[in-house]
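Okay, structure first, notes after.
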Amino acid sequence: MTLREQIRRNYLMTTVLLVFFGALVGIVGVSLWAAYGTGAAVAVGVIGVVWAIFSWFLSKSVVSATTGARPVTKQEQPDLYRIVENMSIAAGLPATPEVRIVDDPAPNAFAAGRGPKSCYVCATTGLLETMDHREIEGVISHEIAHVQHRDVRLMTLVAVMVGVIALISDLALRFLFFGGGRRRSSSPADLILLGIGLAGLILAPIAAVGIQLAISRRREYLADAGGAEISGDPEGMALALRKLMDDPREIRHMNRSTAHLYIEGPLRNASGPRSLLGGLFDTHPPLEDRIARLEQIGGFKLPPEGAPVPAA
């Protein structure tokens, strides 16, 4: 898939995503009406739409607040700034993204924003402490590829959408269980409506997460390939991914609505249903598969761990 085709596809996916989002809001509204009544449905629907618009136009700030990303100056992080600038020039971006840092010992990175001229690239302090210059270039080139492919717009929109659906579904369930309501009779019709309402309120957030998963996994493969082309060093990126794979640490303050933004799934070691289902709800493809694809792209094989790595 060419870059132009990828960008065109992402514009289409953004439109489709907005339609799905509207449908999910409608499902929550109808479900609340079925279980509670018109007033609550309208109130929650208005809150959801207003919050969605607010979150989208302030998406950079919303994601920063959720992830703990803070701006840094070139004087504070000269090497990271230089890498972001070099990768941005190599990718032909119209502007260099802002640079931000998350104070967290787990190595990871992400990009967020509404487009190439309004986005930022963020790395954790753990990434900068764990990886060498070549590996950091690989990670940053991956994030710059997301910007180049216009993924950041779609991925940031998904983060906003998942959060909004979770918010309005939670409000709706609170209305239902703590607010009383008009559907108090035990007639079959009212019980059916109540069941429909509960099902809709429970399934809407699951559907939102399903959309999140559907769009994020393939984009990681594409960003790996695009980043390797930008940096000209697929082996460097593969080494970075292997280092991420071998590091068990997870982001301390994590929100599932933003998990798909990171270069590597920040909850991949989480216990519970996720581990029992073999990673069915992972937002990222396995790192082993991504490394294998980079080896195929670059025509190399990573040396065993601990063995010296040839210079790029």
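Remark: E135 engages K243 in a salt bridge (charged side-chain N to carboxylate O under 4.0 Å, His left out) (not counting sequence neighbours). Applying the side chain to side chain donor-acceptor pair (under 3.5 Å) rule to K117 yields no partners; only residues at least two apart in sequence or on another chain are considered. With sequence neighbours excluded, the residues that form a salt bridge (charged side-chain N to carboxylate O under 4.0 Å, His left out) with E85 are K74. Take E98 and apply the side chain to side chain contact (heavy atoms under 4.5 Å, CB included) test, not counting sequence neighbours, and it matches K60, R100, Y120. With sequence neighbours excluded, the residues that form a side chain to side chain contact (heavy atoms under 4.5 Å, CB included) with A106 are D104, R249, I251. Contacts of T125 classified as side chain to side chain contact (heavy atoms under 4.5 Å, CB included), with partners at least two apart in sequence or in another chain: I101, D103, E129. In terms of the salt bridge (charged side-chain N to carboxylate O under 4.0 Å, His left out) criterion, E76 has no residue partners (sequence neighbours excluded). For T67, the side chain to side chain contact (heavy atoms under 4.5 Å, CB included) test picks out V63, A69, F110, T258, Y262, with sequence neighbours left out.
Counting heavy atoms from C-beta on, the side chains of Y81 and T96 never come closer than 4.5 Å. A 4.5 Å side-chain heavy-atom check between M237 and I230 finds every atom pair outside the cut-off. Using a 4.5 Å heavy-atom cutoff, the side chains of P97 and I144 are in contact.
A cation-pi contact, defined as under 6.0 Å to the ring centre and within 45° of the axis, links R293 to Y221.
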